[in-house]
Amino acid sequence: MTEKKTFIRPCTWIYLLLMALTFVTWFIGTQQFSGLQISLMVLGFALLKGQLIGDYFMGLKQVSGFWRWVITIWLLLVGSLIAFAFNIAA
Amino acid sequence: MNPMEKNKWPPGDLVIWIFIMAELLAFGVFFSVYAFTRANHVELFNTYQLTLDRNAALINTLALITSSYFVVRAVSAIRKDNSKRCFHWLLGALFMGVVFLAVKSMEYNHHFSHGVNLNTNTFYMFYLSLTVFHFLHVILGMIILSAVALKARAGGYSAQEHTGVETGASYWHMVDLVWMVLFPLVYVMR
């Protein structure tokens with residue numbers, strides 16, 4: 001398989017998806033939607049974007065062992081703490 | 001190498017990944033402290049969050065994502081032994097970094113001209129310190145990318161040896177990744 005098919009093409013789709021999720025997040029922000037469920041949804045988008053950057057842009061999808069999961073672990077840890085804090089504030 | 005075969009180590013120099021882990025830890029603590037402090041000052045945080053410019057944050061998020069994508073293209077170019085194209089993609093990434101710094105500076109100028117500073121209230125203390133901390137990382141990332149771009153222009157990398165490009169790319173993606181959490185946390189979630 002070529003570099004274009006295995007690396008560039010997936011990254012281009014991921015780039016477009018990241019842009020789309022950013023616009024959705026921005027729209028929610030401009031509408032000033034509030035509440036726990038909205039906040040958790042926006043946080044979910046952020047964690048998904050982070051995972052996609054780690055997997056595709058940083059190339060961790062092609063790595064095995066600890067380094068494969070380093071970004072995932074960070075996202076889950078930080079995301080859980082933020083979600084917990086917003087939950088107790090609600 | 002078979003493209004489906006997995007590597008044992010992440011792209012770039014392993015030292016940068018140790019550095020990235022340390023950076024992520026620092027930002028993770030910062031984000032968590034922001035969220036738990038907010039839990040005790042919900043009204044204050046919700047009120048002053050509305051004074052932030054979400055359009056500027058949108059432009060900056062798009063700039064960083066685009067910049068990261070350009071860096072992906074630069075890595076791909078050098079893997080194909082195309083130093084010139086690698087250099088051009090890195091220049092594009094640096095330009096998007098400049099866009100980020102310019103828009104963020106305009107945001108800061110707006111707040112400072114309205115008398116906002118670290119002592120204004122708890123929300124602004126977090127907003128300014130978190131975003132300035134990230135701003136400094138963007139500058140550091142741009143310095144690293146500039147060094148990589150200059151070496152690429154001089155033909156210092158090849159398809160066989162381009163660890164430097166992957167090292168700079170990994171750091172830049174980390175700067176982008178952190179902003180993906182910072183943007184919704186500070187500008188949107190309420």
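Convention: sequence-line order gives letters A, B, ...; per-chain numbering from 1. Below, each value reflects all heavy atoms present in this structure, side chains not excepted, and no hydrogens, waters or symmetry copies. Remember, it's a predicted structure, so these values are computed and weren't measured experimentally.
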Item checked: Joint cluster assignment, Leu136(B) & Val98(B), ILVMFWY side-chain distance < 4.5 Å -> yes
Note to self: Less than 4.5 Å apart, side chain to side chain, heavy atoms only: is that true for Phe45(A) and Met180(B)?
What the structure shows: no
Next item on the list: Against chain B, label Phe66(A) side chain, backbone, both or neither, depending on which of its atoms sit under 4.5 Å from a heavy atom there.
Entry: side chain
Checklist line | Proximity breakdown for Trp9(B) and chain A, heavy-atom pairs closer than 4.5 Å | finding: both
Next item on the list: With side chain to side chain contact (heavy atoms under 4.5 Å, CB included) as the test, would you mind laying out the steps for Thr22(A) and Phe183(B) before giving the verdict?
Entry: CA-CA 9 Å; Thr22(A) 298; Phe183(B) 163 51; 4.3 Å; yes
Item checked: Within 6.0 Å of NZ in Lys84(B), more than 12 heavy atoms from elsewhere -> no
Notebook entry, point to check: Would you find a donor on one side and an acceptor on the other, under 3.5 Å apart, between the side chain of Ser39(A) and the backbone of Arg190(B)?
Noted result: yes
Note to self: Classify the ring geometry of Tyr69(B) against Phe57(A): parallel below 30°, tilted from 30° to 60°, perpendicular beyond 60°.
What the structure shows: tilted
Checklist line | From Thr30(A), Val42(A), Ile38(A), residue fulfilling side chain to side chain contact (heavy atoms under 4.5 Å, CB included) relative to Val188(B) | finding: Val42(A)
Notebook entry, point to check: Is chain B contacted by the side chain of Ile71(A), its backbone, both, or neither, given a heavy-atom distance below 4.5 Å?
Noted result: side chain
Margin query: A side-chain contact here means heavy atoms from C-beta on lying under 4.5 Å apart; do Phe31(B) and Ile82(A) qualify?
Written below: yes
Next item on the list: Please tell me if the side chains of Ile88(A) and Phe36(B) come closer than 4.5 Å, counting only heavy atoms from C-beta onward.
Entry: yes
Checklist line | Heavy-atom donor-acceptor pair, Lys6(B) side chain to Gly65(A) backbone, under 3.5 Å | finding: no
Note to self: Using 0.5 Å steps for rounding, measure from the CZ atom of Arg38(B) to the CZ atom of Phe86(A).
What the structure shows: 4.0 Å
Next item on the list: Verify whether one side chain among Thr25(A) and Tyr187(B) offers a donor that lies under 3.5 Å from an acceptor in the other.
Entry: no
Item checked: Pairwise side-chain contact, Phe27(A) with Leu58(B), heavy-atom cut-off 4.5 Å (strictly under) -> no
Notebook entry, point to check: Heavy-atom count around Glu43(B) CD within 6.0 Å, excluding the residue itself: above 12?
Noted result: no
Note to self: Under 4.5 Å from any heavy atom of chain B, what part of Leu60(A) do you find: side chain, backbone, both or neither?
What the structure shows: side chain
Next item on the list: Check whether any side-chain heavy atom of Phe23(A) lies under 4.5 Å from a side-chain heavy atom of Leu62(B), and answer yes or no.
Entry: yes
Margin query: Counting only non-hydrogen atoms closer than 4.5 Å, does Ile53(A) touch chain B with its backbone (N, CA, C, O), its side chain (CB onward), both, or neither?
Written below: side chain
Check: Can you tell me if Trp74(A) uses its side chain to pair, donor with acceptor, with the backbone of Leu24(B) under 3.5 Å?
Finding: yes
Margin query: Does Arg153(B), at its CZ atom, have more than 12 non-hydrogen atoms belonging to other residues, nucleotides or ligands within less than 6.0 Å?
Written below: no
Check: Do Asn55(B) and Trp26(A) have side-chain N/O donor and acceptor atoms under 3.5 Å apart?
Finding: yes
Notebook entry, point to check: Counting heavy-atom pairs under 4.5 Å to chain B, which of Gly79(A), Ala46(A), Ala90(A), Ser64(A) comes out on top?
Noted result: Ser64(A)
Check: Should Tyr124(B) and Phe112(B) be regarded as members of a common hydrophobic cluster, given that ILVMFWY residues are connected when their side-chain heavy atoms come within less than 4.5 Å of each other, either directly or indirectly?
Finding: yes
Margin query: Check for me, please, whether Met142(B) and Phe95(B) land in the same ILVMFWY cluster - side-chain distances under 4.5 Å, paths through other members count.
Written below: yes
Note to self: For Trp179(B), which atoms come within 4.5 Å of any heavy atom of chain A: side chain, backbone, both, or neither?
What the structure shows: neither
Next item on the list: Determine, using the 4.5 Å side-chain heavy-atom cutoff (strictly less than), whether Val71(B) and Leu140(B) are members of one ILVMFWY cluster.
Entry: yes
Margin query: Please tell me whether Leu77(A) and Leu177(B) are part of a single hydrophobic cluster in this structure, the criterion being side-chain heavy atoms less than 4.5 Å apart.
Written below: no
Note to self: Using a 4.5 angstrom heavy-atom cutoff, name the option from Gln49(B), Arg73(B), His173(B) with the most pairs to chain A.
What the structure shows: His173(B)
Checklist line | Top contributor to chain A contacts, counting heavy-atom pairs under 4.5 Å, from Gly12(B), Ser170(B), Gly28(B) | finding: Gly28(B)
Checklist line | Check: Leu43(A) and Met189(B) side chains under 4.5 Å, non-hydrogen atoms | finding: yes
Item checked: Shortest non-hydrogen separation from Ala89(A) to Ala39(B) and the atoms involved -> CB-CA, 3.6 Å
Note to self: At a 4.5 Å cut-off on heavy atoms, which part of Met21(B) comes close to chain A: side chain, backbone, both, or neither?
What the structure shows: side chain
Notebook entry, point to check: Of the backbone (N, CA, C, O) and the side chain (C-beta and beyond), which part of Leu25(B) lies under 4.5 Å from a heavy atom of chain A, both, or neither?
Noted result: backbone
Next item on the list: Name the member of Leu18(A), Thr12(A), Ile28(A) that forms the most heavy-atom pairs with chain B at distances under 4.5 Å.
Entry: Thr12(A)
Notebook entry, point to check: Is there a side chain to side chain contact (heavy atoms under 4.5 Å, CB included) between Met19(A) and Ile65(B) once you walk through the steps?
Noted result: CA-CA 7 Å; Met19(A) 299 288 266; Ile65(B) 293 171; 4.1 Å; yes
Next item on the list: Sort Arg79(B) into side chain, backbone, both or neither according to what part of it lies under 4.5 angstrom from a heavy atom of chain A.
Entry: side chain
Item checked: Over 12 foreign heavy atoms within 6.0 Å of OH, Tyr48(B) -> no
Notebook entry, point to check: Do other residues, nucleotides or ligands put more than 12 heavy atoms under 6.0 Å from Arg85(B) CZ?
Noted result: no
Checklist line | Distance-only side-chain donor-acceptor flag, Thr66(B) / Tyr15(A), under 3.5 Å | finding: yes
Item checked: Side chain proximity check, Val72(B) to Met58(A), heavy atoms < 4.5 angstrom -> no
Checklist line | Heavy-atom pair of closest approach, residues Ser32(B) and Leu81(A) | finding: OG-CD1, 3.4 Å
